[in-house]
Structure formats: structure tokens, C-alpha cells
Novice: 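I'd like to ask you about the structure that follows.
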There are 2 protein chains.
Amino acid sequence: MGEVAQLADVSPSTVSLYLRHPDKVSSQRAERIQTAIDRLGYLPNTMAGGLASSRSNVIGVIVPTITNSFFSATLETLERHLRPAGYQLLIGNSEFDESREEELVRSILSWNPAGLVLTGFVHSRKSISLLTKSDTPIVEMWDFGQKGLDMVVGFSHRTCGKLVAEHFLAKGYRKAAFLSTSFQRDIRAKERYQGFREDMTNAGGSVVLRELQGRSNTAETGDLVRELLSDHADLEAIFCANDIVALGVLLECQRQGWPIRDRLAVAGFGNQDFTASTVPPMTTVEPPSQEIGQHIARMLLARLGGDLTEQETRLDLGVRLVAREST
Amino acid sequence: MGEVAQLADVSPSTVSLYLRHPDKVSSQRAERIQTAIDRLGYLPNTMAGGLASSRSNVIGVIVPTITNSFFSATLETLERHLRPAGYQLLIGNSEFDESREEELVRSILSWNPAGLVLTGFVHSRKSISLLTKSDTPIVEMWDFGQKGLDMVVGFSHRTCGKLVAEHFLAKGYRKAAFLSTSFQRDIRAKERYQGFREDMTNAGGSVVLRELQGRSNTAETGDLVRELLSDHADLEAIFCANDIVALGVLLECQRQGWPIRDRLAVAGFGNQDFTASTVPPMTTVEPPSQEIGQHIARMLLARLGGDLTEQETRLDLGVRLVAREST
DNA sequence: CTTGTATATCGTAGCGCTACGATTTTTGAG
DNA sequence: CTCAAAAATCGTAGCGCTACGATATACAAG
């Protein structure tokens, strides 16, 4: 920065001022400074700036995994809205592990971030204490229904399960199964199961649960479907933890020659692009992946801008049932 | 840090020393310092540290989009290998736009990163000049065959295209099509097309090209397949730019009652999980998504550790054809 | 009990920038 | 042309930490 100042024949303060508040510098010098910056290829040192101003343009986000279209869509939207406002996302993968999350919380907090976005409500004791001690704005996303640490943006997975139960019941399905990725990995799938099960059993139906070993896997799904149908020959419908698992069910039925809907109805979760094109088109639930990112950005920006009119801190975005021909 | 020093009754220097080189501090004081840190919930300020030591633990990564299982797998692997070494990933989405990439390069370079990972060889003039001016180690990934700016880790998409051509020809397919997402979005798909086309035509075959409007979309894929088959009734096989598009083709064929392989053979790219379970199981190409991340981490770490034995800067990881029953 | 050497601790300067008050220049009314 | 107020510019003091040389302490050998 010193070099730029020298070349533009102004003081370093003026260069800093120009960078921070360009309109506070006379147009004549502004031009000289910009020329010098371009000539020298000068890039301000973000760390020095952050240290001096003791606030940073970093916003941390912790997701269980980015290899998951749900979270990556949210992440992408978040970035799209936050970067233009000058913020930089710091993304961490907790890999569904509380202690890794804690490590990430430490690591991100040590950047003195302007905000921190977490996935879900489950955090280690220590994480919570670190989080509450710091006065960083916190957002918990992709769930709804608990108190939360600060702001909450998501939807209720229980309600989502109930929505599908309602749909199944309306279609006349009583004997159902929930086919899920491991609950340990995805606690939110468990919440959907609970809501689903509650309403199905309350209406006199039944729900069998099957969990995959790990992440979505269509081959393992096929095995589980065959096993399920041989154990419960009267099964009428399966609600899957996500669209990939539901695709696995559809494909297994095709392989076995079981007609979808007549022999077995299938619903997914995610409303991924391909669900509209399966044979038959798949019934699924659309989570507000992008909206979550959008609203988090809005709320965070309002909070950081000191906008006091924005008092809202908890947002339930809900889900939408996309009824197609597989149920 | 001052507080910690006071509570532990040592000087701030010793606290810093303990944090940086714990073994250089007597065990007695080490313990006192750790206790003080825990009691106060102290987190070192990364920016101050980075500024003072004038090196940072940041490694920037620019990908076109993280909503893509290829890049997100690489990203996840990269993080898994780099975080334990104390590095923090700074991820940016260029959204397939050269000028956005340039913005990201600026923004990341201003963090004075320890390394920068870019996707592909195509960068704006200005980006290249910024990149060469800085002495940050650079890695260009997910492609191979050009000189590159510094290190290169990926594979040749041309060769990949040739590999599929060879497979098609061996199976007796001569009249082929390449069904792609927009080349503007994915220049690497274009390279695969070129390699594929070259070897198909050299062997007396033909290749028709069709591009989707934007990102993979199974519905649009279906339309394109019907159009393709009505324009070219003698078409024998389609090589798709990715597995989702290939799934779209498979599903359209199912819908139309066209037997896969007898009427039309299909190959994808990605070897995503579900490809093994489609009906019939899909032939596809497996790119080294994880290996790319792994080797970048290794090479970067070697470079940053000043390991001079590690002289390798260009790595072709190749691809693997996964021949299944759709071809 | 020296003395030399290794080990542990500390003080100070400075990383590159911003905030803020001090100083200088510009502007426009009288 | 004068002078006060406004606008533009500048100087200085840190932000929280690390590096490094200076100092203090421990330890072993003579």
C-alpha cells in the first residue's frame, strides 16, 4: 500500500480511505490511486485489514458434507448472495461427527467471523459454550422446531413426514415402510420418520423401518427392498429418506417386474431433477434448499448491517409435496 | 493472549511459543498455559497470526460449481487431507464464468494464501498475470495435456473420449451421438467430445452432437433423444457428458419401449453410485475425483514443506472405463 | 564451586492495514 | 477579498500476534 501511495503521490491513509470509502476522496486523486493500483497489481491484504478493523468479512458455514445436493445448493445460494456484499464463505465439513464439528467451530471462530451458519440443532456441549461466549451471529439451518442458539432457518422434518403420511393415507396406503440412510448420519431423516410413523400409526396404519449402512447406495437399497417385501408381503408403500434411495427402489421394482403403485408405491425426498423423468415420474418432497440460503443471507446481512427493523430470527420455510405417478 | 499469559503467570511470548511449538516450553508451564487457555476459552486470532508470520494457512480452491458431484468429491477429499495439516480451504464458485473467476482469484489472493487450486486451464489474461505475479503455488486440476501455470493434476478428457470411442467400436457401434450439457458451461465435456469424435470418424463412424441448454436435465434430455432418433433413425449409441444425462436417455428409452443396446447403446461419465443399479446397469467412465483431491493435497503439502525431493508437478491420473450392460 | 553449554523464557519490533483526530485545502457567503 | 464551515488529506497509534535476539535458568563436567 505504501508503494501505491508513493506512486500516486498521496499518503497511505488516503489510499486506505479510497479503498474503504471511494467517495470520500477527490476524483482527481481517486483516479491517480486507481492507476497506481492497476500498474502495481496491488491487492490489499485482507488479514491486515481484518486485524486493524477488528471485524472480518468471513462467514463460516458448517455442513455435514458438501457431497449432497441439498447442502451444496444452499451453499451455492448463500455464496451467491453473500459474496456481492463482500463476504467470504469459510466452509467446513463436519462429516456427521459432533467432535469434528467442534473442531470446526473452534477453527472458524478463530477467524473472528462476521457470522456462523451451522446445520441442525445438535452440537457438543463445548461447541455451544464457545458459540454463546462469542458474540458472533449464529444461524442454525435445515431444521426447525427447537429453540436454537440464535437464528434458525429451515423447516420441520416431522411435519414433512406427516405430510407424506397424509398423502399415503389419502391414496389408501396403510402398510408402509420408511427406507433411510443411516440415522446416525442423518438425524433429520429420523425426524421425518418419526412424523411419518406417528401419523400413519395414528390412522391405523403401520410403518416398518429399514436403514442403509451408510450413505445412499442404490445397490444396497435393492437388497433391502427385496428383503422388505419378502418379510412383509403386504407392504403397500415406501417413503425413502431421499430421491436416490427412492430411485433405487424404483429400479429394483423394475428389475423384479413389480408394477409401481399397483404392487408398491414409492415416495422420495429432495425433488432432484431426475425425479420428474423416472418411469413412472416419482412422487417426492421438495425441501427449500435454495430459499434457506437466500433467507440466511438476508437475515445475516440485516443483522450485520445493524438493521433493527429486522427482528425475525426464526423462519420455517416448509416443504412442498410433489405428487407424481409413483404413489 | 495477554490474559492467558497473566493467568498462567508467564509472558505472552511464552504463550505464543507454546501455541506454535509446544515442545519448546517446559512441561510445568505448558500445563499452566493450557489450563489458562481452557479456563478462558481462549481462541488465537488467526488473522493476527497470519499477519505477524506473513504466511497463512489458507488454501483457495476455485471450482465452477460445488453442486456437482465431481467437484464436491474432490473438494471433500482435499479438505480431509489438508485440514489435519492445519490448512483451511477457501472455496469459490466461478459459475463457469471467466470474469467471476478473476474476481475470485483477486479475492483469494488478497488472503495471501499458501496455495491456490483452479479448475481447468482456461483463465482470463488478467487472472494469469495476477497468478504469475504472486508466488503462490498454483494447481490446475481436472484436466491434463496443457502446460499449465505451475502444477497440474487431472486427466485428459480427449483420451477419455477416445477410450469410449474404442469401446463403442469394439462393440460394433459406428453411428454415434454425443449428448452434452452446454459446452460453454463445461469445456471439458467438449474435449471429451473431440477425442470421441476424432476416433469414431477415423474408424469410419460418425458422431452427431447435441447440447442441452444449461445444466443436466433429464426432461430436456428426453426431448433431445427423441429428436435425435427421429433425425437419425440409424443411430446406434450415445455417449453422454455425464451420468445424469445418460440416465435421462435410459429413462426415455424405457418410456418409448426402445430396448437398450438392441435399439440404442448408452454410456455415461462419472460412475456415480446409481449407474450400477439402472436397468440395465450403465456403462460409464470413472473419473478420479477423489484421487485428484488426494494428490493435490500431497503435492501442495510437499511444496509447502519445502520438500525438494518432490519434483513432480504434472500428474495424469487417467480414467477407467466401467463397461456394463448398456453398451 | 566454577564455568560452559544447552534450554527455557522474555522484550521488542513490526506484519499491513484502519480509525480517528489533527491539519490542510476548498468552497461560498458576505 | 475575507473568513468560517465543509471537505479532503494526512499522521499516528494501535489491531493481536510472531520472530528473533537478549536474558535468565538449568545442568553437567571439571
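Below, chain A is the first sequence line, B the second, and so on; all start at residue 1.
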Novice: What nucleic acid atoms does A/Pro44 come within less than 4.0 Å of, heavy atoms only: base, sugar-phosphate, or nothing?
Specialist: sugar-phosphate
Novice: Take atom CE of A/Met1 and atom C1' of C/dG16, then tell me their distance rounded to the nearest Å.
Specialist: 8 Å
Novice: Within the 3.5 Å criterion, strictly below it, is a donor on B/Thr74 or B/Trp142 matched to an acceptor on the partner's side chain?
Specialist: yes
Novice: Let me spell it out: for each of B/Ala52 and B/Ser26, pick the nucleotide of DNA chain C with the closest heavy atom. Which residue's pick is nearer the 5' end?
Specialist: B/Ser26
Novice: Nearest to the side chain of A/Val25 - C/dC10, D/dT9, D/dC10?
Specialist: D/dT9
Novice: Has A/Ser53 got a side-chain N or O lying under 4.0 Å from the OP1 or OP2 atom of C/dC17?
Specialist: no
Novice: Mind calculating the distance between CD (A/Gln28) and P (C/dT27) to the nearest angstrom?
Specialist: 11 Å
Novice: Could one point to a donor on the side chain of B/Ser11 or the base of C/dG11 with an acceptor on the other under 3.5 Å away?
Specialist: no
Novice: State plainly whether the residues A/Arg80 and B/Glu95 are in salt-bridge range, i.e. N to O under 4.0 Å.
Specialist: yes
Novice: Tell me the interatomic distance from B/Leu51, atom CG, to D/dC15, atom P, rounded to whole angstroms.
Specialist: 13 Å
Novice: For the pair made of CG in A/Leu17 and P in D/dG11, what is the distance, rounded to whole Å?
Specialist: 14 Å
Novice: Is B/Arg29 near enough to C/dA8 that one of its side-chain N or O atoms lies under 4.0 angstrom from OP1 or OP2?
Specialist: no
Novice: Check A/Asp150 with A/Arg314, please: is the shortest side-chain N to carboxylate O separation under 4.0 Å?
Specialist: no
Novice: Measure from CD on B/Glu3 to P on D/dC15 and round the result to the nearest Å.
Specialist: 13 Å
Novice: Whole angstroms only, please: what is the CG-P distance between A/Asn112 and D/dC17?
Specialist: 10 Å
Novice: Any ion pair linking B/Glu312 and B/Arg298 (charged N to carboxylate O, less than 4.0 Å)?
Specialist: yes
Novice: Rounded to whole Å, please give me the gap between CZ in A/Arg55 and P in C/dC17.
Specialist: 15 Å
Novice: Quantified as the angle between the terminal helix axes (five pairs each), what is the overall bend of the helix from C/dC1-D/dG30 to C/dG30-D/dC1 to 10 degrees?
Specialist: 30°
Novice: Is B/Ser124 reaching over with its side chain to a backbone N or O of B/Glu98, donor-acceptor style, under 3.5 angstrom?
Specialist: no
Novice: Hey, are B/Thr65 and A/Glu76 close enough side-chain-wise for a donor-acceptor pair under 3.5 Å?
Specialist: yes
Novice: Would you mind reading off the distance between B/Ile37 atom CD1 and D/dC17 atom C1', rounded to a whole angstrom?
Specialist: 14 Å
Novice: Please work out if A/Ser16 contacts a base, only the sugar-phosphate, or nothing of the nucleic acid, heavy-atom cut-off 4.0 Å.
Specialist: base
Novice: Just verifying a value: how many Å separate A/Thr67 OG1 and B/Phe71 CZ, rounded to the nearest 0.5 Å?
Specialist: 13.5 Å
Novice: Would you say A/Arg20 places a side-chain N or O within less than 4.0 Å of OP1 or OP2 belonging to C/dA19?
Specialist: no
Novice: Run the ring-centre check on B/Phe121 versus B/His123 and record whether the distance is less than 6.0 Å.
Specialist: no
Novice: Below 4.0 angstrom from OP1 or OP2 of C/dC10, is there any side-chain N or O of B/Thr14?
Specialist: yes
Novice: Looking at A/Tyr42, does any N or O in its side chain come under 4.0 Å of the phosphate oxygens OP1/OP2 on C/dC17?
Specialist: yes
